[in-house]
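Just below is one structure, and these are the notes that go with it.
Computed from a predicted model, the values in this text were never measured in an experiment. FYI, the numbering just counts along the sequence from 1. What you see below is based on every heavy atom in this structure, not just the backbone, and it leaves out hydrogens, waters and symmetry mates.
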Amino acid sequence: MSTAGQVIRCKAAVAWEAGKPLSVEEIEVAPPQKNEVRVKIHFTSLCHTDVYFWEAKGQNPLFPRILGHEAGGVVESVGEGVMDVEPGDHVLPIFTGECKECPHCLSEASNMCDLLRINTERGGMLHDGQTRFSKDGKPIYHFLGTSTFSEYTVVHVGQVAKINPEAPLDKVCVLSCGMSTGFGATVNVAKPKKGGSVAVFGLGAVGLAAAEGARVCEASRIIGIDLNPNRFEEAKKFGCTEFVNPKDHNKPVQEVISEMTGGGVDCSIECTGSTQAMVSAFECVHDGWGVAVLVGVPSRDDSFKTHPIHFLNERTLRGVGTR
């Protein structure tokens, strides 16, 4: 029986307060409005960014809220004006959407859509500012425009990517955040050359994807840096050729890497959110051409400092959301 145009009652993991355990509740999910899509979530992953915002480290607290942004699902119904997808399509929710019309979307240099770029403090839908989630008549806020910790969610049509229905949703759900972020940071932003050297800070899911990107680019040395040596063996499968644990050295890790590589790596990818790792990632790249790319999300009030001479010596520092 079709549920299009009707309110759906389903279960969702609701964050009622910062840092408090999520509560599985029965909620109401309203039908999609203009340019919106309602998706039945089949699989969702837990990204560290969800934990970060659950702890309210990177935002003005906005609760109650349904977190989650890394998932795979099937379109249940669509709102007015939606032409790109239809009920039954397999999709990945995307927290960095595309309107396809703004200067960013029309540029090959950026994907920071003016309309659908990351906005961690927006709790309603763009069409009317209202939420599509509620419990007992009280609104529950959205997160990153995706809110995948719910059996059904409503997203802007520019925040879903249609995929091959034969792709297993339990596997490809990580493509909607972790894999694309790390892989894209290496391939599309750092752009290591064949035979080059790359340092990856943090060997979680994003870092492993960054290492895989370096492998695809045929980098000859891919150095994984992590405080947890148990991650090193797994990282070999994603292309890492060498490993450094900062705890094993009595000097800054950027100095260790510089000595290992004869002056620094060609590219570095920082995937931890630690400002100390950000400084190390920047200062470990080679002068004259080295590029450091920051991917990890820091706490809201964090800052770091580095000597301006590193810029004057022609090192480049770049940031990236998801690519």
Can you sort out the partners of His286 under ring-ring contact (aromatic ring centres under 6.0 Å, His included), two or more places apart, ordered by chain and number? Trp289

I'd like to know if the side chain of Trp54 reaches the main chain of Lys20, judged simply by a donor and an acceptor atom lying under 3.5 Å from each other, with no hydrogens or angles considered. yes

Carefully, step by step, assess Val91 and Val85 under the rule side chain to side chain contact (heavy atoms under 4.5 Å, CB included). CA-CA 9 Å; Val91 295; Val85 294; 4.2 Å; yes

Hey, could you give me the SG/CG distance between Cys105 and Asp114, rounded to the nearest 0.5 Å? 7.5 Å

Donor-acceptor pair, side chain of Thr186 and main chain of Ala210, under 3.5 angstrom: yes

Check against side chain to side chain contact (heavy atoms under 4.5 Å, CB included), Val155 and Ile94: CA-CA 9 Å; Val155 302; Ile94 305 296; over 6 Å; no

Interatomic spacing from CD in Glu98 to SG in Cys113 - rounded to 0.5 Å: 7.5 Å

Do Ser45 and Cys177 have side-chain heavy atoms sitting under 4.5 Å apart? no

Output yes when a side-chain donor or acceptor of Asn313 lies under 3.5 Å from a complementary backbone atom of His310, and no otherwise. no

Do the side-chain N and O atoms of Asn164 and His90 include a donor-acceptor pair separated by under 3.5 angstrom? no

For Lys236, all residues meeting side-chain contact (heavy atoms from CB on, under 4.5 Å), sequence neighbours excluded: Glu233, Phe243

Do Phe183 and Val216 have side chains that get closer than 4.5 Å, going by heavy atoms? yes

Sequence neighbours excluded, every pair satisfying salt bridge (charged side-chain N to carboxylate O under 4.0 Å, His left out) that has a member inside residues 76-85: Arg38-Glu76, Asp84-Lys100

Under 3.5 Å: donor-acceptor pair, side chain of Thr181, backbone of Gly178: no

Once rounded to the nearest 0.5 Å, what's the spacing between atom CG of Leu294 and atom SG of Cys271? 9.5 Å

Contact check, side chains of Pro32 and Val37, non-hydrogen atoms, under 4.5 Å: no

Spacing of Ser220 atom OG and Arg215 atom CZ [to the nearest 0.5 Å]: 14.0 Å

Kindly indicate whether the side chain of Ile223, heavy atoms from C-beta on, has any atom under 4.5 Å from the side chain of Val198. no

Value for OG1 (Thr96) from CG (Leu144), rounded to nearest 0.5 Å, stands at 8.0 Å

Residues, nucleotides or ligands: over 12 heavy atoms within 6.0 Å of Gln6 CD: yes

Give me each pair satisfying side chain to side chain donor-acceptor pair (under 3.5 Å) with a member in residues 240-265, each pair once, sequence neighbours excluded. Arg221-Glu242, Lys251-Glu259, Gln254-Ser280, Gln254-Glu283

Charged N-O contact under 4.0 Å between Glu218 and Lys193: no

Closest approach of Ile163 to Ala167 (non-hydrogen atoms, all atoms of both residues): CD1-CB, 4.4 Å

Does atom NZ (Lys135) have a neighbourhood of more than 12 heavy atoms from anything else shown, all under 6.0 Å? yes

Looking at every heavy atom in both His104 and Arg117, which two are closest together, and how far apart are they? NE2-NH2, 3.1 Å

Is the gap between the ring centers of Phe282 and Phe311 under 6.0 Å? yes

Could you tell me whether a side-chain N or O of Arg315 sits under 3.5 Å from a main-chain N or O of Gly288, the two making a donor and an acceptor? no

Would you say the side chain of Cys240 lies within less than 4.5 Å of the side chain of Ile222, judging by non-hydrogen atoms? yes

Salt-bridge present (Glu234, Arg231; N to O < 4.0 Å): no

Counting only N and O atoms by type, is there a donor-acceptor contact under 3.5 Å from the side chain of Asn35 to the main-chain atoms of Val157? no

Could you tell me whether a side-chain N or O of Thr131 sits under 3.5 Å from a main-chain N or O of Gly124, the two making a donor and an acceptor? no

Does Ser176 reach the main-chain N or O of Cys173 with its side chain, forming a donor-acceptor pair under 3.5 Å? yes

Can you name the nearest heavy-atom pair linking Leu92 to Gly72, along with the distance? CD2-CA, 3.9 Å

What pairs of residues pass the side chain to side chain donor-acceptor pair (under 3.5 Å) test when at least one of them lies in residues 141-162, not counting sequence neighbours? Thr44-Thr148

Check: Val285 and Leu317 side chains under 4.5 Å, non-hydrogen atoms: no

According to ring-ring contact (aromatic ring centres under 6.0 Å, His included), does anything in residues 192-220 pair up with another residue at least two apart or in another chain? List the pairs. none

Could you check whether Ser23 and Glu25, counting side-chain N and O atoms only, form a donor-acceptor pair closer than 3.5 Å? yes

Which atoms form the tightest heavy-atom contact between Ile225 and Ala199, and what is the distance? CD1-CB, 3.8 Å

Quick one: pull up CZ in Phe143 and CZ in Phe133 and give me the separation to the nearest 0.5 Å. 12.5 Å

Heavy-atom donor-acceptor pair, Glu36 side chain to Gln33 backbone, under 3.5 Å: yes

Take Glu28 and Arg9, measure what salt bridge (charged side-chain N to carboxylate O under 4.0 Å, His left out) needs, and give me the verdict at the end. CA-CA 5 Å; Glu28 298 83 38; Arg9 299 182 67 88; 2.9 Å; yes

Taking the side chain as everything from C-beta on, heavy atoms only, tell me whether Val295 gets closer than 4.5 Å to Thr272. no

Side chain to side chain contact (heavy atoms under 4.5 Å, CB included) between Ile140 and Ser134: does it pass, once the steps are laid out? CA-CA 5 Å; Ile140 300 174; Ser134 63; 5.6 Å; no

Any donor-acceptor N/O pair, Asn188 side chain to Ala185 backbone, under 3.5 Å: no

Heavy-atom closest pair, residues Cys217 and Val187: SG-CG2, 4.0 Å

Is there a path from Met179 to Phe43 through hydrophobic residues (I, L, V, M, F, W, Y) whose side chains come within less than 4.5 Å of each other? yes

Min side-chain heavy-atom separation Val7-Pro31 under 4.5 Å: yes

Compare every heavy atom of Leu116 with every heavy atom of Gly158, then report the nearest pair and how far apart it is. CA-CD1, 3.7 Å

